[in-house]
Amino acid sequence: MSVRVRFAPSPTGSLHIGSVRTTLYNYFMARQNEGGTLILRIEDTDQDRLVPGAIDSIYDGLHWMGIRWDEGPREGGPFGPYVQSERLPIYQEHAARLVADGAAYFCFCTRERLTQMRAAQQARGEITRYDRLCRSIPPAEAAQRADSEPHVVRLKVPEDGTIAIDDLVYGHVEWPLRSIEDQVLLKSDGFPTYQLAVVIDDHVMEISHVFRGEEWLPSTPKHLLVYRAFGWDVPPHAHLPNVLGPDGKKLAKRHGATKVEEFRKEGYLPEAMTNYLALIGWSPGTEEEIFTLDELVQRWRIDHVQKAGGKWDRDRLNHFNGLWIRRLSDDELLRRLDPFLPSKWDRTLVRRVAPLIKERMQTLAEAKEQIAFLFTDRLEHDRSILVPKKREPHETVTALSRVTVALRFLDPFTEERIEQAIAAVATDVGWSVRDLTIAMRAAITGRKVGPPLYGSIVLLGKERTLERLEAAQELIG
RNA sequence: GGCCCGGUCGCCUAGCGGUCUAGGGCGCUUCCCUUUCAAGGAAGAGGUCAUGGGUUCGAAUCCCAUCCGGGCUACCA
């Protein structure tokens, strides 16, 4: 049997990092198996929580990551439609079949009664769960009332016994049936609940493996019961440990950025996101940890997936991002940098500085301020950094003026010659090269740190370099 | 409260009964390189493997209990 896996987000917001990680694992599974198929299914059965644009966000984010799938709302496929709200008749027919078989029943309890019931149960210190009132209504009577009264369909859960699954990552997990209530399968608005829809869709779409977040493990017995009610085989399940915030709780908005879109805008590379994310909850079992998407497809194995949740670590992400930036070719770096730089900046010049800052960035967004001095005619000097520590203003002016003179008649104006000139001036005025370059950097770039000085001077050009050195002298003096 | 899951350096993790005096990476510290900052190289601090009992010749690895953390407990997904 061929591998068919799916990722099934709810369009309730923009693409979350956690669901990307789940998607990644499904992607690995699909691609590492000959003829494997990856399916996108939109689970929009809760009409109240729909967020416009969410589907676009899913497509944009995943495509940016380099993830492609085979069947989905926009790609089509033999098992469509792939949006649950367009599959209502399928769920309704199946629910009706369960009622006809006596595996499920109509429930007419109002929300008011349900809340009262729960309050009463709570007051008595009991477990809050549906009291199965409507379960005893004779089927014929129930069917008749269903024609005119608002109702839901509930599953008849056996009173006793246990139900279990052998999860691919958590192993054997077992639940007592009395801890499970007669769950709602079909809501009064005719929409299925998640519990009904997943099971039907996974079966009907011939999903071979269910990989989903750990938070679904507790509701797995409910799904198992639905499979059983239909008489269907249960495909292998794997629950994936969650991505956690620093406090150990599921990663959420209050922990900072959680959406793919945000990381993209902050200048993270999809390569880094993929590499880093794949390593939360999985490891190759060796000491390697730098992987491309394709390498991950080759290496990833479900049996190396961790049980415990993993915390999101920005420092580690930054490390991977810097690493992947350094691996970019100069041309590619230029291409990635483009959206982060003002369009009026001369790309030829950008192309020449980019290599100088390649190993000085953890995110693409950091490039701009590091090279901004090259793209302005009027530099804002920071007076406080112009004079190196332990040096006097007057001697700094002297040093800078000597450098100015030395550079003015330098020809050719190359890095090598500049270096020689600076070394000579340093010896001359009795300064270390270090101090001299500190003063020069402040004078020329207006900053304390930046790309290598000599290269920067060449790129800036003799004229602008001299202007800035002179301006700095005036400012100090 | 009930049900379920988890627990190896601050963080991501290796480890599947002996090779563990617990390995790697991030972060941190120090040094080297050096025109700043990085990058790179080297070294180091950091773990009584949550705790307590077993089982075993031998346990981070198996079992039990406890503690702590998390998830679920909706006509949400």
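In what follows, chains are A, B, ... by sequence order, proteins preceding strands, each numbered from 1. As the structure is a prediction and not an experimental result, all values here were calculated from the model. Atoms considered below: every heavy atom in the structure, side chains included; atoms not considered: hydrogens, waters and symmetry mates.
- For K222(A), no side-chain nitrogen or oxygen approaches OP1 or OP2 of U73(B) to under 4.0 Å.
- R441(A) comes within 4.0 angstrom of a nucleotide base, judged by non-hydrogen atoms across all strands.
- The nucleotide whose nearest atom lies closest to any side-chain atom of E289(A) is, among G27(B), G24(B), C3(B), G24(B).
- Of the candidate nucleotides G40(B), U35(B), A38(B), G40(B) has the atom lying nearest to any side-chain atom of R326(A).
- One finds no side-chain N or O of R314(A) lying less than 4.0 angstrom from the OP1 or OP2 phosphate oxygen of G27(B).
- Within the structure, side chain to side chain donor-acceptor pair (under 3.5 Å) pairs that include any residue of residues 352-375 of chain A comprise D330(A)-K358(A), T363(A)-E366(A) (at least two apart or interchain).
- Which of U35(B), U36(B), C16(B) sits closest to the side chain of T437(A) comes down to U35(B).
- Comparing I438(A) and C107(A) by the nucleotide of RNA chain B that holds the closest heavy atom to each, the one mapping nearer the 5' end is I438(A).
- You'll find that the side chain of I127(A) is closest to G2(B), out of G2(B), C75(B), A38(B).
- For S283(A), counting side-chain heavy atoms from C-beta on, the closest listed nucleotide (C75(B), U13(B), U35(B)) is U13(B).
- For residues 173-200 of chain A, the set of pairs meeting the ring-ring contact (aromatic ring centres under 6.0 Å, His included) definition, not counting sequence neighbours, comprises Y194(A)-W216(A), Y194(A)-H223(A).
- Picking from C4(B), G24(B), U35(B) the nucleotide with the shortest atom distance to the side chain of E419(A) gives U35(B).
- Residue K250(A) is in sugar-phosphate contact alone, with no base atom involved, counting any heavy-atom pair closer than 4.0 Å across all strands shown.
- Counting non-hydrogen atoms under 4.0 angstrom, V152(A) reaches a base of the nucleic acid.
- Although no hydrogens or angles enter the test, the distance criterion places no donor-acceptor pair under 3.5 Å between the side chain of N275(A) and the main chain of I290(A).
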Kindly determine whether Y59(A) and W69(A) satisfy ring-ring contact (aromatic ring centres under 6.0 Å, His included), including the steps that lead there. CA-CA 10 Å; Y59(A) 270 82; W69(A) 50 95; 5.1 Å; yes
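- Using a 4.0 Å heavy-atom criterion, one finds that R447(A) contacts no nucleic acid atom at all.
- Among the nucleotides G27(B), U35(B), A77(B), the one closest to any side-chain atom of D46(A) is A77(B).
- Nucleic acid contact class of T445(A) (heavy atoms, under 4.0 Å, all strands): none.
- At least one donor-acceptor pair under 3.5 Å links the side chain of K462(A) to the backbone N or O of R408(A).
- Counting any heavy atom pair closer than 4.0 Å across all strands shown, R118(A) reaches sugar-phosphate atoms only and no base atom.
- At the heavy-atom level, S188(A) lies under 4.0 Å from base atoms of the strands shown.
- Taking atom CG of residue N318(A) and atom C1' of nucleotide A39(B), one finds them 15 Å apart after rounding to whole Å.
- A side-chain N or O of E174(A) and one of H172(A) form a donor-acceptor pair less than 3.5 Å apart.
- Taking only side-chain atoms of E287(A), from C-beta outward, the nucleotide of C12(B), G24(B), G70(B) with the closest atom is G24(B).
- Protein atom CD of Q122(A) is 11 Å distant from nucleotide atom C1' of U73(B), rounded to whole Å.
- As judged by a 4.0 angstrom heavy-atom cut-off over every strand, G310(A) is placed among residues touching the sugar-phosphate backbone only.
- The residue P284(A) sits apart from the nucleic acid: no heavy atom pair falls under 4.0 Å.
- Rounded to an integer number of Å, the gap from CH2 of W216(A) to P of C3(B) is 22 Å.
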D131(A) vs R118(A), test: salt bridge (Lys or Arg N to Asp or Glu O under 4.0 Å). Steps then yes/no. CA-CA 9 Å; D131(A) 60 7; R118(A) 283 194 197 102; over 6 Å; no
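- Rounded to an integer number of Å, the gap from CD of Q195(A) to P of C72(B) is 12 Å.
- Using a 4.0 Å heavy-atom distance criterion, G125(A) is classed as making no nucleic acid contact.
- Summarising the local packing, CD of Q47(A) is surrounded by more than 12 heavy atoms from other residues, nucleotides or ligands at distances under 6.0 Å.
- Set against U35(B), C12(B), G40(B), the side chain of R316(A) has C12(B) as its closest nucleotide.
- Among C76(B), C37(B), C12(B), the nucleotide with an atom closest to any side-chain atom of I280(A) is C12(B).
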Pairs under 3.5 angstrom, nitrogen or oxygen only, protein versus nucleotides 5-10 of chain B, please.
none

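- Taking 4.0 angstrom as the limit, H151(A) places none of its side-chain polar atoms (N or O) nearer than this to OP1 or OP2 of C75(B).
- Note on E43(A) versus R6(A): no salt bridge recorded, every NZ/NE/NH1/NH2 to OD/OE distance being 4.0 Å or above.
- In this structure, E181(A) reaches the sugar-phosphate backbone alone: every heavy-atom distance under 4.0 Å involves primed, P, OP1 or OP2 atoms, never a base.
- When the side-chain nitrogen and oxygen atoms of T193(A) are compared with OP1 and OP2 of C76(B), none of them lie within a distance under 4.0 Å.
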